[in-house]
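The block underneath contains the structure these notes are about, expressed in structure tokens.
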Amino acid sequence: MNSNKKIHFEISERKILLKLFDVLVVLFSLYFVGAFFDFKYFTFSSTNYYWFVLLAGYIYLFGSVFEMYNLQVASHQFQIIKSIILTTSTTVLVYLLTPIYTPELPSNRLQIIIFYITILISLLIWRIFYVKFLASHRFVKMAIIVCDKEQLQELVSGLENADPHYKFIGFVNSDGEQDFKVNYNSIKNIKPDDLEKFFKNNSISEIVVASQKTEGITANLYNQLIHLLENGVIIKEYTQLYEALTQRIPVQYVSRDFYRYFPFSRNNQNQLYLLVTRLIDILFSIVGLSFGLIFLPIILIGNFIGNRGKIFYTQERIGKNGKVFKIYKYRTMVKNAEANGAVFTTVNDSRITPFGKFLRKTRLDEFPQFINILKGDMSIIGPRPERPVFVNEIAEVMPFYETRHIIKPGLTGWAQVNYSYGDSIADSLVKLQYDLYYIKHRSIFLDINIFVKTFSTVLFYRGQ
């Protein structure tokens with residue numbers, strides 16, 4: 001229908017593109033260097049194919065840890081250079097030290113330097129090309145939104161903030177009024193009768209329908225949309241698109257019969273999945289407590305100097321099915337920090353001691369929670385457990401807040417790796433959206449994703 005329609009890559013396609021070309025440019029560069037220079041460490045043959053597979057796996061793994069496949073980072077020249085250096089350094093180091101499935105260490109150290117520089121330069125050239133010529137042009141998607149005019153700014157900003165390459169250039173008002181001027185982001189007001197013409201003339205990729213009031217979509221507008229749909233035009237419902245772009249559930253845009261829109265993941269009741277996660281919880285708790293013992297002398301000294309008081313503290317939290325349990329943490333605040341009542345922890349909170357800030361930033365204060373995981377109060381991955389006083393306060397203004405209690409709370413979670421520390425009701429709403437997304441899409445693959453992102457959070461010192 002639209003001959004001028006531009007090719008546009010979806011978010012998932014962009015990530016596949018990045019991962020595919022990362023490996024291809026590295027392997028091609030290594031082949032080129034081996035063919036034209038005195039480089040014998042990494043040679044190509046049908047008998048050592050596992051060398052390539054393992055190298056690709058390490059690039060994907062450490063690239064994920066150091067955020068090379070975070071599209072915001074990938075589109076920012078200076079941030080991606082830092083990620084490439086960290087990814088290349090870690091990949092080469094681990095690859096050189098992997099026995100059996102990688103080449104034997106060369107006697108000539110120059111071979112290792114050539115191996116490192118080849119991977120680094122090839123990734124830098126490819127990713128800078130991506131930033132300069134692909135990310136800023138090829139991925140822009142033009143769209144039209146159908147919604148009530150008072151919602152326009154909120155709905156448009158919600159999607160454009162999630163994906164800067166998503167641009168709304170047209171708007172159809174669904175509340176009946178047509179003769180007014182849109183004063184937001186150069187978006188043009190389109191009358192229903194002109195919708196098809198505007199679509200043809202402006203390289204539109206899709207139409208997004210966001211009217212919560214179905215009566216607002218008139219018979220004329222409905223027929224226009226149906227006609228466009230029959231001609232192959234992509235029409236999406238706002239909440240589904242919002243979920244796909246942001247990877248969180250837009251609870252503020254659905255009505256109270258939320259459960260009709262919210263099919264819980266089958267893994268929440270899958271006994272095999274639950275057994276496997278429980279075994280992983282126990283294994284990682286034992287490993288975590290062992291590492292905790294290694295850091296314990298440092299924490300004892302730091303607590304004696306910087307905190308001056310008890311090293312541990314306990315606090316009531318809400319667990320699965322609303323059950324209250326006591327959570328264990330290293331103390332990071334001054335004594336009697338809540339003498340005037342419970343309040344959210346804020347950025348640069350004066351109650352946090354200097355050593356407490358270090359513990360929070362490095363997540364070392366969370367290590368005692370492995371005891372809670374061993375006891376079965378918590379899991380490695382899940383929504384962070386909240387205090388009863390805050391649960392009651394937040395649930396009054398968020399009807400779906402207590403839905404997060406249908407699974408065990410976690411040491412880390414989808415909200416923790418995607419959003420900064422929340423210190424307000426508004427922040428709690430955003431974190432709830434992420435928690436509900438996890439409950440809806442819970443799977444071993446999402447758990448692995450969270451686990452990898454948690455390493456990024458710790459390595460980049462993003463704790464609160």
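Numbers for residues simply follow the sequence, beginning at 1.
Aromatic ring pairs are classed by plane angle as parallel below 30°, tilted from 30° to 60° and perpendicular above 60°; the pair Phe455 and Phe451 is perpendicular.
Of the possible donor and acceptor atoms, one in the side chain of Asn270 sits under 3.5 Å from a partner among the backbone N and O of Leu272. In this structure a side-chain-to-backbone donor-acceptor pair under 3.5 Å is present from Thr277 to Leu274. The backbone N or O of Met68 sits less than 3.5 Å from a side-chain atom of Arg127, completing a donor-acceptor pair. Formation of a donor-acceptor pair under 3.5 Å by the Ser379 side chain with backbone atoms of Gly382 is not found in this model. Using modelled atom types, no side-chain atom of Thr88 and backbone atom of Ile85 make a donor-acceptor pair closer than 3.5 Å. Not one N or O on the side chain of Asp377 forms a donor-acceptor pair closer than 3.5 Å with the backbone of Ile373. Judged by distance alone, with hydrogens and angles left aside, the side-chain atoms of Arg331 form a donor-acceptor pair with the main-chain N or O of Met333 at under 3.5 Å. Checking side-chain atoms of Tyr438 against main-chain N and O of Asp447 turns up no donor-acceptor pair under 3.5 Å. With hydrogens and angles ignored, the 3.5 Å screen pairs no side-chain donor or acceptor of Trp126 with any backbone N or O of Leu24. A distance-only check finds a donor-acceptor pair linking the side chain of Ser157 to the backbone of Glu154 [under 3.5 Å].
In this structure, Ser205 and Ile234 have side chains that are not in contact, with every pair of non-hydrogen atoms separated by 4.5 Å or more. Annotation: side chain of Tyr166 is in contact with side chain of Val208 (closest heavy-atom distance under 4.5 Å). At least one side-chain heavy atom of Leu221 sits under 4.5 Å from a side-chain heavy atom of Val172. Side-chain contact between Phe168 and Met142 is absent, with no heavy atoms from C-beta onward closer than 4.5 Å. Within the 4.5 Å cutoff, the side chain of His441 has no heavy atoms near those of the Ser265 side chain. Side-chain contact check for Tyr238 versus Leu155: some heavy-atom pair is nearer than 4.5 Å.
In this structure, Arg248 forms no cation-pi arrangement with Tyr437, as its terminal cationic atom is not both closer than 6.0 Å to the ring centre and no more than 45° off the ring axis. For the pair Lys19 and Tyr69, the distance from NZ or CZ to the six-membered ring centre is under 6.0 Å and the angle to the ring normal is within 45 degrees.
A donor and an acceptor atom, one from each side chain of Thr98 and Tyr58, are located under 3.5 Å apart. Residues Asp22 and Tyr60 have side chains that never bring a donor and an acceptor to within less than 3.5 angstrom of each other. Side-chain contact annotation: Glu237 with Tyr242, donor-acceptor N/O pair under 3.5 Å absent. Looking at Asn268 and Tyr273, their side chains never bring a donor and an acceptor atom within 3.5 Å of each other. Between the side chains of Thr332 and Asp365, not a single donor N or O lies within less than 3.5 Å of an accepting N or O.
Between Lys453 and Glu67 no salt bridge is recorded (no basic side-chain N to carboxylate O distance below 4.0 Å). A salt bridge does not link Arg317 to Glu386: none of the charged side-chain nitrogens sits closer than 4.0 Å to a carboxylate oxygen.
Remark: Lys188 pairs with no residue by the salt bridge (charged side-chain N to carboxylate O under 4.0 Å, His left out) rule, at least two apart or across chains.
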